Amino acid sequence: MDTQAILLSIEALKMCRDTGISPSSALYFAFKRKRYTTRELRMARKILHIYSIYRRSASIYLDKILPDTTLDWMSKTLLELLASCILGRMNLGDISTLVSRLRQSMGKNWPEQSERFLGLLRYMYSRPRREVNYPDWFVKYLEKIIGKVEAEHYMDFQDNVKPPIYCSLNTLRMDKENILKIAEEKNVILKEDSRLPGIYIVETSSTKDLKTLMNQGLIVVHDFSSYYAVKVLEPRLEDIILDVCSAPGTKTWLTTLEMRNNGIIFSIDSSWKRIRSQRKRMTFLNAKIVKLIQADATKSLPIRIEADKVLVDPPCSSTGLIWREPYYRWMIRPRHIRMFANLQSNILWSSSRNVKKGGYLVYSTCSITVEENEYVIEDFLKTHPDFELVEPSIDVGSTGLRGLVEARRLYPHSNMCNGFFIALLKRRY
Ligand SMILES: C[S@@+](CC[C@H](N)C(=O)[O-])C[C@H]1O[C@@H](n2cnc3c(N)ncnc32)[C@H](O)[C@@H]1O
């Protein structure tokens with residue numbers, strides 16, 4: 001095991017603790033601050049991924065073998081990190097050699113308190129034991145909405161199966177055949193997903209080759225659920241589309257792709273910074289029909305828009321993203337769910353004013369909670385009799401909860417994508 005990668009991981013975790021930023025951002029900053037190699041960065045990313053999954057098991061395990069021991073943060077973190085690596089079956093090599101290298105590299109920062117417990121890690125190799133690696137509230141929540149057996153499968157799946165990489169071909173730049181040819185020349189093997197033509201699974205590729213195609217603007221990597229959202233929206237060539245909460249613009253771009261740069265898309269986001277980066281991205285991807293507007297979508301928009309279709313993809317608690325971002329399970333709190341549900345309702349109510357009669361409103365989130373999804377839709381329908389919930393023409397996933405059979409839910413373990421909710425509403429009059 002690379003000692004520098006362990007040190008980089010610890011530095012990132014320290015930064016997370018001190019600043020509250022996510023481990024992936026912290027890792028990036030820690031990497032920039034000192035001279036680590038990209039190989040060490042890659043390895044540290046893997047270590048933090050494993051740590052995010054097994055941190056709880058590691059902590060419970062250490063509490064059992066070290067009852068009544070109070071350790072300082074650094075010692076506890078180092079022990080938990082190494083224990084997580086063992087539980088995640090990462091090869092640490094010989095523990096004594098690793099410890100002496102770490103001691104040497106850390107010098108005066110070496111966490112003395114951990115010293116006498118490090119030997120115990122050797123014992124873990126022979127008796128790895130995994131606990132439930134999720135916060136209690138999340139386990140209970142999941143069991144409540146999908147049942148105990150399914151919840152267990154869901155959590156186990158997320159921690160043991162690698163998420164696929166999906167992408168779309170940027171036919172706004174080059175035709176499909178040529179992009180596929182260039183991909184093949186680079187040994188990037190793409191297989192069209194039989195569930196939805198137009199989305200590809202990256203079957204084999206080196207990260208470098210995949211990045212080259214992305215940097216050339218020939219492919220865009222995104223989740224299956226983003227593509228499904230746009231398929232449910234069903235944009236037509238001459239449509240006026242309003243995309244609310246649009247940045248960084250993945251669904252805007254996918255919509256442009258469907259419309260082949262015809263019609264018009266108004267993209268609204270409240271963040272100037274994100275609007276600016278979406279603008280750059282749209283130019284880079286050759287999306288020419290996008291008008292970007294900075295505005296708070298809980299209020300009336302600065303311009304009057306009567307759209308054929310409105311897509312509302314508001315910020316959410318991200319409970320559906322834990323497969324790709326395992327650390328989120330420790331960052332999301334029940335209070336975030338309540339907070340987002342409120343904001344989502346406000347954004348949906350406000351945006352519905354921009355749907356023309358006979359037009360459609362699509363509401364989606366990458367959260368699996370009922371509060372941010374079914375409740376929001378139920379509340380909306382109670383007060384908006386001019387809207388009705390309708391079935392999407394492309395059927396993927398399972399039906400919504402609480403009897404909302406026209407809505408769709410996607411789950412990692414059954415749909416191989418982010419946890420996701422989507423509802424299609426039609427304005428009748
Ligand atoms: C889930 S992300 C959207 C992802 C985007 N639809 C895509 O496909 O790339 C949520 C976005 O909502 C924006 N947002 C948050 N509050 C908002 C508000 N009150 N009005 C408009 N946008 C808001 C955030 O800046 C963020 O970019």
Side-chain angles (χ1 to χ4, degrees), residues 22 25 166-168 170 199 214 219-233 235 241-259 265-285 287 290-303 305 307 309-322 324-325 328 331-332 336-354 361-369 372-373 376 410 417-424:
S22 72
S25 312
Y166 294 101
C167 71
S168 291
N170 190 1
I199 183 167
M214 289 162 72
I219 62 163
V220 173
V221 168
H222 53 76
D223 189 58
F224 177 87
S225 56
S226 300
Y227 194 67
Y228 182 52
V230 172
K231 287 289 178 188
V232 171
L233 186 71
I241 304 279
L242 173 62
D243 183 0
V244 182
C245 300
S246 65
T250 302
K251 294 183 193 75
T252 310
W253 175 75
L254 286 166
T255 308
T256 314
L257 203 60
E258 291 287 300
M259 296 165 79
I265 303 175
F266 293 98
S267 276
I268 312 283
D269 202 280
S270 59
S271 155
W272 273 114
K273 196 169 162 224
R274 288 169 72 88
I275 283 274
R276 272 196 293 272
S277 65
Q278 186 180 345
R279 178 165 292 128
K280 274 196 201 147
R281 193 172 179 217
M282 295 301 107
T283 308
F284 171 66
L285 295 172
V290 184
K291 302 266 173 280
L292 281 150
I293 300 167
Q294 184 279 331
D296 178 351
T298 59
K299 306 199 171 99
S300 293
L301 298 181
I303 60 164
I305 300 168
K309 283 146 198 171
V310 175
L311 171 63
V312 176
D313 188 34
C316 68
S317 64
S318 304
T319 45
L321 298 184
I322 293 173
R324 288 190 196 277
E325 300 288 348
Y328 279 14
M331 294 176 91
I332 306 165
H336 298 147
I337 297 170
R338 291 190 292 275
M339 183 189 89
F340 280 117
N342 208 8
L343 176 64
Q344 289 150 351
S345 268
N346 287 337
I347 293 179
L348 180 66
W349 286 40
S350 205
S351 308
S352 68
R353 292 189 213 120
N354 300 97
L361 177 58
V362 169
Y363 174 84
S364 66
T365 73
C366 48
S367 171
I368 52 156
T369 70
E372 296 172 90
N373 298 314
V376 170
L410 306 182
C417 63
N418 293 341
F420 193 69
F421 173 88
I422 189 157
L424 174 65

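The basis for the numbers below is simple: all heavy atoms, side chains too, and nothing from hydrogens, waters or symmetry mates. Remember, predicted model here, so these are calculated numbers, not experimental data. Whatever order the structure lists them in is the order used to number ligands and atoms, beginning at 1.
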Check whether any N or O atom of [X], backbone or side chain, sits under 3.5 Å from an N or O atom of ligand 1, and answer yes or no.
| X | result |
| --- | --- |
| T298 | no |
| K251 | yes |
| G249 | yes |

Could you tell me whether the side chain of [X] and the main chain of [Y] form a donor-acceptor pair under 3.5 Å?
| X | Y | answer |
| --- | --- | --- |
| Q294 | S270 | yes |
| N418 | F420 | no |
| S352 | W349 | yes |
| S364 | I422 | no |
| N354 | I305 | yes |
| T319 | S367 | no |

Any side-chain donor near an acceptor of the partner, [X] and [Y], under 3.5 Å:
| X | Y | value |
| --- | --- | --- |
| S225 | D223 | yes |
| T365 | Q344 | no |
| S246 | R274 | no |
| T252 | Q278 | yes |

Residue part near ligand 1, for [X], under 4.0 Å between non-hydrogen atoms:
| X | answer |
| --- | --- |
| R274 | side chain |
| A295 | backbone |
| P314 | backbone |
| S246 | backbone |

Measure the distance from [atom] to every protein heavy atom, then report the residue, atom name and distance (to 0.1 Å) of the closest one.
| atom | value |
| --- | --- |
| atom 13 (C) of ligand 1 | D269 OD2, 3.2 Å |
| atom 22 (N) of ligand 1 | S270 N, 3.1 Å |
| atom 6 (N) of ligand 1 | D313 OD2, 2.7 Å |
| atom 15 (C) of ligand 1 | P315 CG, 3.4 Å |
| atom 20 (N) of ligand 1 | A297 N, 2.8 Å |
| atom 9 (O) of ligand 1 | T250 N, 3.0 Å |
| atom 4 (C) of ligand 1 | A247 O, 3.2 Å |
| atom 12 (O) of ligand 1 | C245 CB, 3.3 Å |

Open item on the list: Against ligand 1, does S226 come closer than 4.0 Å with any heavy atom?
Closed with: no

Open item on the list: How long is the straight-line distance from OG of S168 back to NE2 of H222, given to the nearest 0.5 Å?
Closed with: 2.5 Å

Task: For D296, the ligand 1 atoms whose distance to one of its heavy atoms is below 4.0 Å - done: 18 (C), 19 (N), 20 (N)

